[in-house]
Protein chains: 2
Amino acid sequence: MGLFYQHGIHAIGINEVLKSSGIAKKTLYNHFESKEALVLATLEQRHHLFISWLSRCLENAQTNEQLTEQLFSALDQWINNKVAMLGDFRGCYFINTAAEFGELTNPINQLCQRHKLAVKTLLKQALNDADDAAVERLFLLSEGIISTAYTCHDMDVAKRALKN
Amino acid sequence: MGLFYQHGIHAIGINEVLKSSGIAKKTLYNHFESKEALVLATLEQRHHLFISWLSRCLENAQTNEQLTEQLFSALDQWINNKVAMLGDFRGCYFINTAAEFGELTNPINQLCQRHKLAVKTLLKQALNDADDAAVERLFLLSEGIISTAYTCHDMDVAKRALKN
DNA sequence: CAAAAAGTAGACCAACTTGTCTACCACGCA
DNA sequence: TGCGTGGTAGACAAGTTGGTCTACTTTTTG
């Protein structure tokens, strides 16, 4: 559900979800036992969506330089709303959601963490013969790009990173 | 008010603020005309706090390498709760708050953006003779470090960045 | 065709939200 | 002494929250 991504979890009530989806309340609670379960499902769904998009963007890179270029280029596409499957850019759903649910024991928070680790793992696999430091640096840069694009409304940040 | 930083804006009601601060409701609404005004005040306060802390951390750096080292070292201190004035680390208050208030027209969102631009400006002033690309890269890395430390519960990320 | 399963709309509940207002109290000052 | 200022505690209003439940309709299935 894009509503949560677009506006944040706490800002969207169940009734808005129902109205927007056209589903009945009983039906929703038949499928999900609580709002938290629903949120977890949306996180899970977007996790798969995002990972599959990103891995497709990174495949067929020959060199590490090429891969970096493809990564930043992909981020630029996303940030500038040219990736239909990811919806209107509103930062990283997982960073945003972790910001709302900070307790370490919360399953929502844990799912956000797992997503980020999966992204890092994906980068590691995509980078040939790179040491961990190089993987880390690339990951940190991409996190910085996503965060900056959103918080600073800086839609060109990935494009500029591409040139350096 | 640390409550907002610790738990997020939507997660904390006015009544919790009152209970925690020992102030009466009427007194609070005598000083702030709404919750939004209160939130704006806390953002403003933390903005000054953070900028003054950071600029003190970066002063007296002789070379750009030294400055980078001081920056990452400062982030490491913050992340590992060794900076009393910043309180228990819970990521960047401004990134977190922007995640909750995404509308561009919202003053809260605009304040978050302004804070980030101020940080970038601070870095630019601290870096001697550096081109914009170098400033940008350092800013993106530090944003990535803060975000990763929080979302991945990775308390060593700044320390590792320090070594590379 | 009939029964069961799963959908619908929406009333309802208890708890909570922000914000207002009343009633009272404590202090400094003339 | 008395008055104004600014505090306190908390009832209250109006609306929203997540979630349950009833009553009815549609779809699926044997």
Side-chain angles (χ1 to χ4, degrees), chain A residues 1-47 87 90-91 93-112, chain B residues 1-47 87 90-91 93-112:
Chain A
M1 176 59 45
L3 274 184
F4 287 141
Y5 173 52
Q6 290 304 315
H7 301 94
I9 313 296
H10 283 124
I12 294 295
I14 286 290
N15 295 308
E16 290 178 78
V17 174
L18 298 175
K19 193 161 53 176
S20 144
S21 66
I23 228 172
K25 201 178 254 195
K26 180 121 199 216
T27 307
L28 188 147
Y29 279 98
N30 218 12
H31 289 288
F32 305 95
E33 74 165 345
S34 65
K35 185 186 183 183
E36 172 173 315
L38 174 63
V39 170
L40 283 171
T42 67
L43 285 166
E44 202 85 55
Q45 186 197 39
R46 187 160 181 100
H47 168 66
R90 238 216 96 208
Y93 187 30
F94 302 89
I95 292 179
N96 293 350
T97 303
E100 290 197 68
F101 299 86
E103 316 87 28
L104 302 197
T105 57
N106 191 320
I108 292 177
N109 185 285
Q110 291 167 359
L111 201 47
C112 295
Chain B
M1 178 56 46
L3 274 184
F4 287 143
Y5 173 52
Q6 290 303 316
H7 301 96
I9 313 297
H10 284 125
I12 294 295
I14 287 290
N15 295 310
E16 291 178 79
V17 174
L18 298 175
K19 192 161 53 177
S20 144
S21 66
I23 228 172
K25 200 177 255 194
K26 180 122 197 218
T27 308
L28 188 148
Y29 278 99
N30 216 14
H31 289 288
F32 304 97
E33 73 166 345
S34 65
K35 184 187 183 182
E36 172 172 317
L38 174 62
V39 170
L40 283 170
T42 67
L43 285 166
E44 202 85 55
Q45 186 197 37
R46 187 160 180 100
H47 167 67
R90 238 215 94 209
Y93 186 32
F94 302 89
I95 292 179
N96 293 350
T97 303
E100 290 198 68
F101 299 87
E103 317 86 28
L104 302 195
T105 58
N106 190 320
I108 292 178
N109 185 286
Q110 292 167 358
L111 201 46
C112 295

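To find a chain, count down the sequence lines: A is the first, B the second, and so on, and within it residues start at 1. Computed from a predicted model, the values in this text were never measured in an experiment.
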Next item on the list: Give the rounded distance in Å between these two atoms: CG of L18(A) and P of dG18(D).
Entry: 10 Å
Next item on the list: Give a yes or no on this: more than 12 heavy atoms of other residues, nucleotides or ligands lie within 6.0 Å of atom CD of E103(B).
Entry: yes
Check: Between I14(B) (CD1) and dT20(C) (P), how many Å, whole number?
Finding: 11 Å
Check: For E36(A), which contact category applies under a 4.0 Å heavy-atom criterion: base, sugar-phosphate, or nothing?
Finding: nothing
Item checked: Heavy-atom neighbours of H7(B) NE2 exceed 12 at 6.0 Å -> no
Checklist line | H10(B) NE2 - dT18(C) P separation (whole Å) | finding: 9 Å
Checklist line | Residue pair T97(B) / C112(B): nearest heavy atoms and the distance that separates them | finding: CB-SG, 4.0 Å
Note to self: Minimum heavy-atom separation for F94(A) and R46(A), please, with both atom names.
What the structure shows: CZ-C, 4.0 Å
Just the atom pairs and distances: protein N or O near nucleotides 20-22 of chain D's N or O, under 3.5 Å.
none

Checklist line | Whole-Å gap separating P (dC16(C)) and NE2 (H7(B)) | finding: 16 Å
Item checked: Rounded distance in Å - NZ (K19(B)) to C1' (dC16(C)) -> 12 Å
Checklist line | Rounded distance (Å) that lies between atom P of dG19(D) and atom CZ of F32(A) | finding: 13 Å
Identify each donor-acceptor pair in which a side-chain atom of residues 12-20 of chain A lies under 3.5 Å from a protein atom, sequence neighbours left out, and give them as a table.
residue : atom : partner : partner atom : Å
N15(A)  : OD1  : K25(A)  : NZ           : 3.1
E16(A)  : OE2  : G13(A)  : N            : 3.4

Next item on the list: Decide if atom CD of Q45(B) counts as having more than 12 heavy atoms of other residues, nucleotides or ligands within a radius under 6.0 Å.
Entry: no
Set out, line by line, the N/O atom pairs under 3.5 Å between protein and nucleotides 4-6 of chain C.
none

Notebook entry, point to check: Which atoms form the tightest heavy-atom contact between G91(B) and Y5(B), and what is the distance?
Noted result: O-OH, 2.7 Å
Check: When the distance from CD1 of I23(A) to P of dT26(D) is rounded to whole Å, what number comes out?
Finding: 18 Å
Checklist line | I9(A) side chain reached by Y93(A) side chain, heavy atoms, under 4.5 Å | finding: yes
Notebook entry, point to check: Within this structure, what is the CG-to-P distance between N15(A) and dA11(C), rounded to whole angstrom?
Noted result: 12 Å
Note to self: For H10(A) and H10(B), take the angle between the two ring planes, folded into 0 to 90°, and tell me which bin it lands in: parallel under 30, tilted 30 to 60, perpendicular over 60.
What the structure shows: tilted
Note to self: Students often get this wrong, so: under 4.0 angstrom with heavy atoms, is I12(B) touching a base, only sugar-phosphate, or nothing?
What the structure shows: sugar-phosphate
